[in-house]
Amino acid sequence: MTILVTGGAGFIGSNFIFHMMEKYPDDRIVCLDKLTYAGNLSTLASVMDRANFRFVRGDICDRETVNRLFEEEHPEIVVNFAAESHVDRSIEDPGIFLETNIMGTAVLMDACRKYGVRRFHQVSTDEVYGDLPLDRPDLLFTEQTPLHTSSPYSSSKAGADLLVMAYWRTYGLPCTISRCSNNYGPYQFPEKLIPLMIANALNDKPLPVYGEGKNVRDWLYVEDHCKAIDLIIHQGRVGEVYNIGGHNEMANIDIVRLICRELGKPESLITYVGDRKGHDLRYAIDPAKIHGELGWLPETRFADGIRKTIRWYLENRPWWEEIISGEYRNYYEKMYGNR
Ligand code: NAD
Ligand code: TDX
């Protein structure tokens, strides 16, 4: 079987490719990735030369490239990770988010219709549900929670989700959607909270916490997300949405303090900076559906996952040091320079 993985040079896509190649050595994996600032070919070095792996540099918005790839490979399953994924960037410049996240998804689904697939899976996010109040721990996002977005990023992801459901209902395209909470783990781009704080702490730089650091995210180790997607593409029901999350809510400030402790760095590095515009207060996933239907449960406890992640960043300094010494420096200066 051939599986097309888009966005596979990014954080979650690459971890998914590693998971799939390990678990299904007889499958062929084709990765289509534009290699934006967030894509990194060196991440895929360990699989690049395998006979059952092919990397293609290309844009999911480019219909000709996408159609040619479908003609050559005839994928049976398509898993779409390709996206602009950073909320802060979407606040600065929404346009590319609409193009990649909405139009790119449409182009991929058009190719799926034209050439026929067994499954199109859209990797979505819990951010499409908006946020929950901090003082109502009883409230969780279920698949029935209305879409109610806050940022251009989450709006573009919600737009894509609606389009996926429309292709299922209108054309009968066999689709599934997963909406996962915040991921952490190896190969996450250092613009995101956890790797940014690890990298800054290791370099004894200030740790910029937005607002008061009270916003809550529901953290899941990336491998657990990948296993959930594996289950959904093989056993999930078409036309269905599955929430993915492991009941692991934490306030940002507690994560940053934990990273300081683990690295033996002083909390005096913590610097409170201006808040994110429209900052979502709290995310929390109810994973009852994927647990009940597909038997999925997270396997990595946060205490273990964060240690593994920190160890990975310590042992793979060249991977992230190359990133933070390049174009990323300009981004950092722009976002944090006089915040
Ligand atoms: P990422 O930014 O690390 O990687 C995105 C990848 O997509 C990069 O390799 C990039 O080069 C590629 N890409 C971007 N635009 C493209 C285009 N037009 N054509 C082809 N490739 C393109 O993102 P991530 O954190 O790995 O997220 C992957 C997916 O999972 C996204 O759809 C995101 O919305 C979703 N998601 C992420 C999280 C999280 O916590 N990171 C949580 C839930 C859902
Ligand atoms: O420097 C920072 N300081 C800070 O306080 C950064 C980068 C973040 N934060 C806060 C903002 C959020 O409350 O930390 C929290 C997490 O921020 P991000 O890592 O940017 O993640 P988030 O905005 O929650 O979105 C993530 O989870 C859902 C992913 O980036 C999305 O792609 C995914 O859909």
Side-chain angles (χ1 to χ4, degrees), residues 5-16 31-41 43-44 56-62 65-66 79-91 96-97 99-101 103-105 107-108 122-128 131 150-151 153-154 156-157 160-161 177-185 187-197 200 206-220 222 225-226 229 243-245 250-253 255-256 270-276 278-283 285 332 335-336 339:
V5 177
T6 66
F11 165 46
I12 309 174
S14 59
N15 277 284
F16 181 73
C31 171
L32 174 67
D33 196 297
K34 186 180 172 182
L35 296 182
T36 67
Y37 79 92
N40 200 330
L41 211 45
T43 299
L44 294 172
V56 178
R57 183 172 193 177
D59 188 337
I60 58 165
C61 301
D62 178 353
T65 300
V66 169
V79 186
N80 182 27
F81 291 92
E84 287 294 333
S85 69
H86 193 39
V87 173
D88 291 325
R89 287 184 193 255
S90 82
I91 294 167
I96 185 70
F97 284 75
E99 270 170 47
T100 292
N101 298 1
M103 290 310 297
T105 302
V107 168
L108 282 176
Q122 175 70 0
V123 180
S124 185
T125 168
D126 59 357
E127 297 198 18
V128 300
D131 61 354
S150 314
S151 71
Y153 163 70
S154 54
S156 69
K157 294 296 287 185
D161 283 12
I177 295 176
S178 52
R179 295 183 180 143
C180 190
S181 59
N182 285 58
N183 284 215
Y184 69 101
Y187 298 107
Q188 186 165 31
F189 195 85
E191 67 190 348
K192 305 283 169 39
L193 179 75
I194 288 181
L196 185 145
M197 297 301 168
N200 281 17
L207 307 177
V209 172
Y210 299 167
E212 295 178 37
K214 289 185 178 152
N215 303 60
V216 168
R217 299 292 183 262
D218 187 357
W219 294 94
L220 185 71
V222 62
H225 185 189
C226 295
I229 295 174
N243 282 355
I244 307 171
M250 289 183 75
N252 296 336
I253 188 64
I255 300 252
V256 178
I270 295 173
T271 312
Y272 292 93
V273 300
D275 210 350
R276 175 183 278 173
H279 200 173
D280 279 334
L281 291 173
R282 169 177 167 251
Y283 304 142
I285 281 280
Y332 198 88
M335 301 303 279
Y336 296 94
R339 191 163 184 143

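Whatever order the structure lists them in is the order used to number ligands and atoms, beginning at 1.
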Check contact between C180 and ligand 1, using heavy atoms of the residue and a distance below 4.0 angstrom. yes
Atom 21 (O) of ligand 2: the protein heavy-atom neighbour that sits closest, reported with distance to 0.1 Å: N182 ND2, 3.5 Å
E191: numbered ligand 2 atoms lying under 4.0 Å from its heavy atoms: 7 (C)
Full working for side-chain contact (heavy atoms from CB on, under 4.5 Å) between V107 and D62: CA-CA 8 Å; V107 168; D62 178 353; over 6 Å; no
For atom 28 (C) of ligand 2, what's the nearest protein heavy-atom neighbour? Residue, atom name and distance, please. E127 OE2, 2.9 Å
Going by heavy-atom distance to atom 37 (C) of ligand 1, choose the closest among I12, D126, T125, D62. I12
Hey, does F81 sit under 4.0 Å from ligand 1 if you only count heavy atoms? yes
Does ligand 1 have an atom under 4.0 Å from some heavy atom of S14? no
Report yes if N40 has an N/O atom closer than 3.5 Å to an N/O atom of ligand 1; otherwise report no. no
Side-chain donor-acceptor contacts of residues 190-197 below 3.5 Å, not counting sequence neighbours, with atom names and distances?
residue: E191; atom: OE1; partner: Y37; partner atom: OH; Å: 3.3
residue: E191; atom: OE1; partner: R89; partner atom: NE; Å: 2.7
residue: E191; atom: OE1; partner: R89; partner atom: NH2; Å: 3.1
residue: E191; atom: OE2; partner: Y37; partner atom: OH; Å: 2.8
residue: K192; atom: NZ; partner: S85; partner atom: OG; Å: 2.9

Those atoms of ligand 2 less than 4.0 Å from some heavy atom in Y153: 31 (C), 32 (O), 33 (C), 34 (O)
Any N or O of S181 that comes nearer than 3.5 Å to an N or O of ligand 1? no
Do the ring planes of F97 and Y153 sit parallel (below 30°), tilted (30 to 60°) or perpendicular (above 60°)? perpendicular
Among all protein heavy atoms in this structure, tell me which lies nearest to atom 33 (C) of ligand 1, with the distance rounded to 0.1 Å. Y153 OH, 3.5 Å
Looking at atom 14 (O) of ligand 2, what's its closest protein heavy atom, distance included? N252 ND2, 3.3 Å
Protein contact to atom 19 (O) of ligand 2 [nearest heavy atom, distance to 0.1 Å]: L193 N, 2.8 Å
Does the residue T6 have a heavy-atom contact with ligand 1, meaning some pair of atoms that are separated by less than 4.0 Å? no
When you measure from the heavy atoms of G8 to every atom of ligand 1, does any distance fall below 4.0 Å? no
Name the closest protein heavy atom to atom 13 (O) of ligand 2, giving the residue it belongs to and the distance to 0.1 Å. H279 NE2, 2.6 Å
Does the residue Y187 have a heavy-atom contact with ligand 1, meaning some pair of atoms that are separated by less than 4.0 Å? no
List the closest protein heavy-atom neighbour of atom 8 (C) of ligand 2: residue, atom name, distance to the nearest 0.1 Å. Y210 CE1, 3.6 Å
Which residue holds the protein heavy atom closest to atom 32 (O) of ligand 2, what is that atom called, and what is the gap in Å? S85 O, 2.8 Å
Who passes side-chain hydrogen bond (donor to acceptor under 3.5 Å, both in side chains) against N101, sequence neighbours left out? S156
What part of K192, side chain, backbone, both or neither, has a heavy atom within less than 4.0 angstrom of ligand 2? both
Using distance alone, decide if ligand 1 has a nitrogen or oxygen within less than 3.5 Å of any nitrogen or oxygen in N182. no
Ranked by distance from atom 17 (O) of ligand 2, the top protein heavy atom is R276 NH2, 3.9 Å
Hey, which atoms in ligand 1 end up nearer than 4.0 Å to a heavy atom of A82? 7 (O), 20 (C), 21 (N), 22 (C)
Checking side-chain contact (heavy atoms from CB on, under 4.5 Å) for the pair T100/I60: CA distance, chi angles, key distance, verdict? CA-CA 7 Å; T100 292; I60 58 165; 4.2 Å; yes
Under 3.5 Å: N/O of N80 near N/O of ligand 1: no
At under 4.0 Å between heavy atoms, is it the side chain or the backbone of V87 that contacts ligand 2, or both, or neither? side chain
Heavy atom of the protein closest to atom 30 (O) of ligand 1 (residue, atom name, distance): V123 CG1, 3.4 Å
